[in-house]
> 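A single structure is presented below for examination.
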Amino acid sequence: MAFEISANPVAMQAYNNLAVNQAQASQALAKVSRQDGGASRISFDETQSVSQLQSTLATSQRAITSTQNAINALEVARAAYSEALSLANEGLTLANARLAGEGDSAAIDTRLTAIAARISDIGSSATSGGNAVLGQSLSVTVNGGGDTITLTPSSIASIDTSESVVAGYTNAISSISAAAETNSANLAALYGTLQTLESTVATQQSAVGQILDAGLAAEMMAVTSENIMSDAVSAMVAQSTLMSDKVRSLLQ
């Protein structure tokens with residue numbers, strides 16, 4: 001019976017298998033380390049689902065930004081209405097006092113002029129993100145489908161004293177109060193929209209995460225499996241390399 005001791009094919013085969021296992025383990029580990037970790041382990045249908053969910057998620061996130069920007073603008077409008085209403089009430093009090101002949105009429109007139117100027121200034125100086133708010137239309141994306149609504153915070157008109165000072169401030173109070181009420185209702189609706197959008201985004205993120213996490217778990221299992229196989233093959237390589245030595249020892 002002939003013995004071939006110039007080469008050890010068993011050891012070479014075991015060594016080749018070790019190289020394959022180590023390469024597969026490295027590939028799986030590389031996938032795990034990527035941000036999209038287990039994407040390669042999910043099915044085609046799951047990949048399509050993830051793509052659709054991520055697209056809808058992006059739209060929902062843009063809607064959140066749009067809604068938040070609109071809320072910021074309406075909050076500016078609310079502050080403007082509040083200040084203007086306070087000034088208009090003060091103006092009405094002074095106008096009634098002047099009409100009744102109470103106080104220094106010249107001083108009252110000076111103060112009324114300052115109040116009217118300040119109310120006009122509020123209307124033009126209320127800005128959000130560098131953009132005027134009052135009297136300007138806001139296009140707001142309100143859901144993940146891209147639907148929009150348009151809101152226009154009412155402008156604050158200058159005090160009209162052509163009829164009388166008292167009537168001018170009375171009308172201003174009525175107009176500003178109505179604008180403030182509408183603005184408050186729009187704000188409440190947008191806060192509700194924002195809460196819904198944030199809940200939707202959380203659900204969408206969870207759905208994407210569940211699919212990708214399943215793929216990631218599969219990749220991690222692959223890493224573990226290939227490492228186990230590499231350890232086993234390493235032991236076989238060590239055993240097979242001793243075969244030639246055993247043959248030589250028998251020939252001596």
Side-chain angles (χ1 to χ4, degrees), residues 35 45-92 115-160 168-212:
Q35 196 171 20
D45 289 341
E46 289 174 325
T47 300
Q48 292 294 100
S49 296
V50 168
S51 179
Q52 292 173 356
L53 283 169
Q54 288 176 330
S55 177
T56 305
L57 177 60
T59 305
S60 297
Q61 289 172 326
R62 286 194 294 271
I64 286 178
T65 300
S66 175
T67 302
Q68 186 61 67
N69 288 340
I71 287 174
N72 294 341
L74 295 193
E75 286 289 3
V76 170
R78 176 157 64 180
Y81 294 141
S82 178
E83 183 180 358
L85 191 58
S86 177
L87 288 169
N89 277 305
E90 181 185 352
L92 179 60
I115 288 174
R118 177 55 189 151
I119 289 176
S120 295
D121 183 60
I122 289 172
S124 60
S125 64
T127 61
S128 177
N131 299 314
V133 171
L134 303 185
Q136 304 300 313
S137 296
L138 299 170
S139 180
V140 190
T141 304
V142 294
N143 57 38
D147 295 330
T148 62
I149 60 173
T150 300
L151 302 174
T152 306
S154 298
S155 58
I156 298 175
S158 300
I159 304 299
D160 181 8
Y169 279 98
T170 299
N171 292 335
I173 289 171
S174 177
S175 175
I176 296 169
S177 295
E181 289 176 3
T182 299
N183 189 70
S184 293
N186 288 335
L187 263 176
L190 286 183
Y191 274 119
T193 297
L194 182 62
Q195 184 175 12
T196 300
L197 283 169
E198 289 175 340
S199 177
T200 299
V201 165
T203 301
Q204 292 168 341
Q205 288 175 329
S206 177
V208 172
Q210 286 175 354
I211 296 174
L212 294 182

> Can you tell me how far apart CD1 (Ile159) and CD1 (Ile115) are? Round to the nearest 0.5 Å.
9.0 Å
> Side-chain atoms of residues 68-85: list all donor-acceptor pairs with protein atoms under 3.5 Å, sequence neighbours left out, distances to 0.1 Å.
{"from": "Gln68", "atom 1": "NE2", "to": "Asn72", "atom 2": "OD1", "distance (Å)": "3.1"}
{"from": "Asn69", "atom 1": "ND2", "to": "Thr65", "atom 2": "O", "distance (Å)": "3.3"}
{"from": "Asn72", "atom 1": "ND2", "to": "Gln68", "atom 2": "O", "distance (Å)": "3.4"}
{"from": "Glu75", "atom 1": "OE1", "to": "Arg78", "atom 2": "NE", "distance (Å)": "3.2"}
{"from": "Glu75", "atom 1": "OE1", "to": "Arg78", "atom 2": "NH2", "distance (Å)": "2.8"}
{"from": "Glu75", "atom 1": "OE2", "to": "Arg78", "atom 2": "NH2", "distance (Å)": "2.9"}
{"from": "Glu75", "atom 1": "OE2", "to": "Tyr191", "atom 2": "OH", "distance (Å)": "2.7"}
{"from": "Tyr81", "atom 1": "OH", "to": "Ser154", "atom 2": "N", "distance (Å)": "3.0"}
{"from": "Tyr81", "atom 1": "OH", "to": "Ser154", "atom 2": "O", "distance (Å)": "2.6"}
{"from": "Glu83", "atom 1": "OE1", "to": "Arg118", "atom 2": "NH2", "distance (Å)": "3.3"}
{"from": "Glu83", "atom 1": "OE2", "to": "Arg118", "atom 2": "NE", "distance (Å)": "3.0"}
{"from": "Glu83", "atom 1": "OE2", "to": "Arg118", "atom 2": "NH2", "distance (Å)": "2.9"}

> Cut-off 3.5 Å, no hydrogens considered: what does the side-chain donor-acceptor table look like for residues 136-146, sequence neighbours left out?
{"from": "Ser137", "atom 1": "OG", "to": "Thr152", "atom 2": "OG1", "distance (Å)": "3.1"}
{"from": "Asn143", "atom 1": "OD1", "to": "Gly145", "atom 2": "N", "distance (Å)": "2.9"}
{"from": "Asn143", "atom 1": "OD1", "to": "Gly146", "atom 2": "N", "distance (Å)": "3.1"}
{"from": "Asn143", "atom 1": "OD1", "to": "Asp147", "atom 2": "N", "distance (Å)": "3.1"}
{"from": "Asn143", "atom 1": "ND2", "to": "Asp147", "atom 2": "OD2", "distance (Å)": "3.0"}

> To the nearest 0.5 Å, how far apart are CD1 in Ile64 and CG in Leu197?
5.5 Å
> Tell me which pairs pass side-chain hydrogen bond (donor to acceptor under 3.5 Å, both in side chains) where either residue lies in residues 172-185, with sequence neighbours left out.
none
> Under the criterion side chain to side chain donor-acceptor pair (under 3.5 Å), I'd like the reasoning laid out for Ser158 against Ser120: C-alpha separation, chi angles, the key distance, then a yes or no.
CA-CA 5 Å; Ser158 300; Ser120 295; 3.2 Å; yes
> Please give me the minimum heavy-atom distance between Gly123 and Leu134, naming the atom from each residue.
CA-CD1, 3.8 Å
> Measuring from atom CD of Gln195 to atom OG of Ser199, what distance do you get when rounded to the nearest 0.5 angstrom?
7.5 Å
> Got a sec, which residues hit salt bridge (Lys or Arg N to Asp or Glu O under 4.0 Å) with Glu90, two or more places apart in sequence or on another chain?
Arg111
> Can you sort out the partners of Thr148 under side chain to side chain donor-acceptor pair (under 3.5 Å), two or more places apart, ordered by chain and number?
none
> I'd like to check the side chain to side chain donor-acceptor pair (under 3.5 Å) partners of Asn171; sequence neighbours left out, ordered by chain and number.
none
> OH/Tyr169 to CG/Leu87 distance, rounded to the nearest 0.5 angstrom?
8.5 Å
> Please identify each residue that fulfils side chain to side chain donor-acceptor pair (under 3.5 Å) with Ser86, with sequence neighbours left out.
none
